[in-house]
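Comments concern the structure below.
Scope of the values below: all heavy atoms of this structure, side chains included, with no hydrogens, waters or symmetry mates.
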Amino acid sequence: GQYKSPRRVTWMLGCLAFLVLVGLAYTGYLLPGDDRAYTGMGVMRGIAASTPIVGEQAAAALTGGPEVSSATLTRLNVAHTVLLPAALIALLAVYLRRRRLTGSAEGLARTRTWVTTLSAALLLLPVLALLAFLLPPSLGPAADPTGGVAPDAKPEWFFLWVNELLRLLPGREFLIGAVLPGVLVGAAVLLPLVLRGREARPARRFPEIAAALLVILGIAGLTLSSLAAASAAHEGHTHAGSGAQEAAGALQDRAATLIQEYRCAKCHIIDGDEEGGDLGPALWRRGGA
């Protein structure tokens, strides 16, 4: 019920701050430039390219050229380290200003609250820096621009629900990757302007609560479905790899049996054995066979 008056503007600021935080998380995992990040950038460009009429222009503006390159990383770095933090600071400044104008607590108590909050934030910063130093995120395999996007590539967990919808409804990249998230964020931001009034009791807000629960359960279900599909695909690849290894081992055993049965070593050099001399071409061991 925090979207109700007199906290409507605070609610809208919080929604915008959440959107900026998602942007920081998304650009942050793209910046390492490894294979996972390259795949994510390819998906991002594909969604932008699916925009009607101006798709190619939007994709070029996003990646800094006709394809993902070092210019893309430059733009992501500027967005992650300059633009998005500046937007978050601006939203925080507006929020603090609003609290000062509309706060109902006594001035001294309110000042103590903000001092406590600021002190906690300043104490958490060195802890976060220490964790980043002791537990740095690992880099994945190097990006392979010639290999294209892997068919089993997955985005970060907070976009798995979008990825699952794209899998279930192929060919609708723009609607699922851009329009749907935009509609959800827009609905959250504009909620205080549509549902006015001061009534905040849950019993009087059943339609809004039910709609929010449906959205949350839908996103959670799609996320779990995407995780289950990824786990099944991984197991399938593992079984396929073990099957290929077993088949290769059987071929090696069969080759060794044939070499012994027909006494090939009398005429051929096999695995460095000089018994065959120059009577026949060398049959070098390859791949363990």
Minimum heavy-atom distance P6-R198, with the two atoms named: CD-NH1, 3.8 Å

statement: For A71 and G64 the tightest heavy-atom approach is CB-O, 3.8 Å

Find out whether [X] and [Y] are in side-chain contact, i.e. whether some heavy atom of one side chain is under 4.5 Å from a heavy atom of the other.
X    : Y    : value
L180 : W161 : yes
F159 : V22  : yes
L30  : M44  : yes
L91  : Y95  : no
T63  : S69  : no
V9   : P192 : no
K4   : R205 : yes
L166 : R172 : no

Please report the interatomic distance [atom1]([X]) to [atom2]([Y]), rounded to the nearest 0.5 Å.
X    : Y    : atom1 : atom2 : value
L31  : Y26  : CG    : OH    : 11.5 Å
L135 : L130 : CG    : CG    : 8.5 Å
L160 : T223 : CG    : OG1   : 5.5 Å
I89  : L84  : CD1   : CG    : 11.5 Å
L175 : S50  : CG    : OG    : 8.0 Å

Would a single hydrophobic cluster contain both [Y] and [X], if residues Ile, Leu, Val, Met, Phe, Trp and Tyr are joined by side-chain heavy-atom contacts under 4.5 Å?
X    : Y    : value
V194 : M12  : yes
I209 : L195 : no
L184 : V179 : no
V78  : L62  : no
W11  : L193 : yes

- prompt: Take atom CZ in F158; do more than 12 heavy atoms of anything else shown fall under 6.0 Å from it?
  reply: yes

message: More than 12 heavy atoms of other residues, nucleotides or ligands under 6.0 Å from CZ of R167: yes or no?
response: yes

- request: Not counting sequence neighbours, list each pair that qualifies as a side-chain hydrogen bond (donor to acceptor under 3.5 Å, both in side chains) and has a residue in residues 73-83.
  value: T27-H80

Run the side-chain hydrogen bond (donor to acceptor under 3.5 Å, both in side chains) test against [X] and tell me which residues pass, sequence neighbours left out.
X    : result
E208 : Y3
S225 : E164
R45  : none

Going by atom type alone, with no hydrogens or angles, which donor-acceptor pairs under 3.5 Å involve a side-chain atom of residues 51-61 and a protein atom two or more places apart or on another chain?
unit_1	atom_1	unit_2	atom_2	d
T51	OG1	A48	O	2.8

For the side chain of [X] and the backbone of [Y], is there at least one donor-acceptor N/O pair under 3.5 Å apart?
X    : Y    : result
W157 : L227 : no
R7   : Q2   : no
S226 : L222 : no

task: Would you please name every residue forming a salt bridge (Lys or Arg N to Asp or Glu O under 4.0 Å) with R36, sequence neighbours left out?
output: E156

